[in-house]
Number of protein chains: 2
Amino acid sequence: MTPQNIDLSKLTPLHNTLTNKKKIIHIISEKYSPLSSQCQSELSNNSKILGIKKGEVLVKEGQYSDKAYFIVQGCSRAYYLKNGKDISDWFAFENDFISSINSFFRNIQSPHFIEVLENSTLLEISRDSIIELSDKYHDFERLSKTIVTNTMLRLQERIVSMQFQSAEQKYKDILSTHPNITQRIPLTHIASYIGITLETLSRIRGLKS
Amino acid sequence: MTPQNIDLSKLTPLHNTLTNKKKIIHIISEKYSPLSSQCQSELSNNSKILGIKKGEVLVKEGQYSDKAYFIVQGCSRAYYLKNGKDISDWFAFENDFISSINSFFRNIQSPHFIEVLENSTLLEISRDSIIELSDKYHDFERLSKTIVTNTMLRLQERIVSMQFQSAEQKYKDILSTHPNITQRIPLTHIASYIGITLETLSRIRGLKS
DNA sequence: AGTTGAATTTGATCTAAATCAAATGATAAG
DNA sequence: CTTATCATTTGATTTAGATCAAATTCAACT
């Protein structure tokens, strides 16, 4: 019986969790940047799996949040309130990371909320663990650099998309990177993410292009 | 005589350059993340100082650019053409870095031009050198992570500023981070950077607020 | 199935900022 | 000083998308 064929539900909860964690960390290592097995197991000891229900809020405005979350299953968003209006600022799906980046990196009060949009499984890692692992392991430092670099490039693309595009083009842009985002994220959130109103988005979608 | 009091102009050009390079690298190390002296001198061997005249173009659209530039003195911008319109995407001043990030990190053709806006002194480093130094020195890996992280946070702030702000507020936002930007950067470029037209910017500035 | 509340669509204005166009001001070069 | 080029301002008009408001569709829960 190969590892892939183990029926996880038959194992004890503890063993199950450990097995899953190793798998998740292996995925992170594959997707972002390779980690030595020693570093992987130390990351395993410094992270925990969370099961979160749809609608729960992981971070609230004003909190100091020193956690980063890797999405194993489900999706989440970061948003902030501007004059009472809910503006989405980041979406994260399977194999993406999410955190309140201002609070996490600059150690200030979070301007963002982070909300789970589907029942989700997350891997939580604290800033202290990340700092410790980055100090100790060069390959972990590289992993975190890779994640930050990806994020930077994604933000840069988003600026270009927002700078001088029509509402319609901005919507097409997001569809081209996330073709089925509308099946998972309410339109209000998509609208504010691309910087247009819900009504405008609805009209754009009505056009048979 | 302390090192600070050496009159650089009295030295041979070569010595002068070397001394300057070490100073510059020391500044980078101080400002972003400390480098061991061995790493500093290896970086010194892997970088070169450029003197560039106002108006020169360092990178053209379509080129593969594998260089990063640290601005010792002067300023530069990255911009792209959208339907023939010149849209500024990044400004860099003393102690900032600039590069065609898409080309540099993803090894694709640059969508950007990089133009020097004032007679400038730059330190140029190639991607190969950065990769090599990052492999060899954990502290260099950290330095590059720090630079990327700063860039990411700056881009994120910019998105928030662009998302649902009035033209006037966007202008105030850029003034608050770069109070004297208007003394160094033509208004056309500032306007496109914040996503408004030159005319609108001029009118905003006309209001005595 | 029927009720309730949220998500989305549709409609009628309104407005901030774009566009088009021309005038003025500043800088540099001969 | 004069001309040429570039940067900025000012003016008139248009328009994409916001705002306000109501109708409809959808989904979850008794």
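Side chains included, hydrogens not; waters and symmetry mates left out as well; all remaining heavy atoms used. Chain identifiers are assigned alphabetically (A, B, ...) following the order of the sequence lines, protein sequences preceding nucleic acid strands; residue numbering begins at 1 within each chain.
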Review point. Short question: side chain of A:E124, backbone of A:S47 - any donor-acceptor pair under 3.5 Å?
Key: no
Review point. How many angstroms lie between atom CZ of B:R77 and atom CD of B:E115, to the nearest 0.5 angstrom?
Key: 4.5 Å
**Study point:** Under 3.5 Å donor-acceptor, A:S103 side chain and A:S100 backbone
**Key:** no
If you restrict it to nitrogen or oxygen atoms, what contacts under 3.5 Å exist between nucleotides 15-17 of chain D and the protein, and what is each distance?
unit_1, atom_1, unit_2, atom_2, d
D:dG17, OP1, A:A167, N, 2.8

**Study point:** Value rounded to 0.5 Å, distance of CG in A:L43 from OG in A:S29
**Key:** 9.5 Å
Exercise for review: Take the protein atom CZ of A:R203 and the nucleotide atom P of C:dT9, then report the distance between them rounded to whole Å.
Suggested key: 11 Å
Study note, to complete from the structure: DNA chain C nearest-nucleotide lookup for A:L201 and B:L201: closer to the 5′ end is A:L201
Study note, to complete from the structure: Residues in residues 78-88 of chain A with a heavy atom under 4.0 Å of DNA chain D, by number, are none
Review point. Of the nucleotides C:dT9, C:dA12, D:dT9, which one has an atom closest to the side chain of A:L198?
Key: C:dT9
Point to revise | Step-by-step salt bridge (charged side-chain N to carboxylate O under 4.0 Å, His left out) determination, A:R205 to A:E199 | key: CA-CA 10 Å; A:R205 282 161 51 80; A:E199 294 92 328; over 6 Å; no
Point to revise | Main-chain N/O of A:I196 paired with A:T200 side-chain donor or acceptor, under 3.5 Å | key: no
Exercise for review: Measure from the side chain of B:S202, starting at C-beta and using heavy atoms only, and say which of C:dG11, D:dT8, C:dT9 lies closest.
Suggested key: D:dT8
Review point. Which of residues 179-193 of chain A have a heavy atom under 4.0 Å from DNA chain D?
Key: none
Point to revise | Euclidean distance, atom CD of residue B:E199 to atom P of C:dT24 [Å, nearest integer] | key: 17 Å
Practice item. Give the intermediate values and the outcome of side-chain hydrogen bond (donor to acceptor under 3.5 Å, both in side chains) for residues A:T149 and A:T146. Key: CA-CA 5 Å; A:T149 303; A:T146 303; 6.0 Å; no
Check your understanding: Within 45 degrees of the axis of the six-membered ring of A:W90 and under 6.0 Å from its centre: does A:R154 put its NZ or CZ there?
Key -> yes
Point to revise | Charged tip of A:R127 within 45° of A:F104 ring normal and under 6.0 Å | key: yes
Point to revise | Nearest-Å distance for atom pair CZ/C1', residues A:R205 and C:dT10 | key: 14 Å
**Study point:** Qualifying residue, where the test is ring pair (Phe, Tyr, Trp, His ring centres under 6.0 Å) with B:Y193 and the options are B:Y171, B:F91, B:Y80
**Key:** B:F91
Exercise for review: Let me know which of B:I49, B:I25, B:L123 forms a side chain to side chain contact (heavy atoms under 4.5 Å, CB included) with B:N20.
Suggested key: B:I49
Practice item. To the nearest Å, give me how far apart OH (A:Y171) and C1' (C:dT9) are. Key: 14 Å
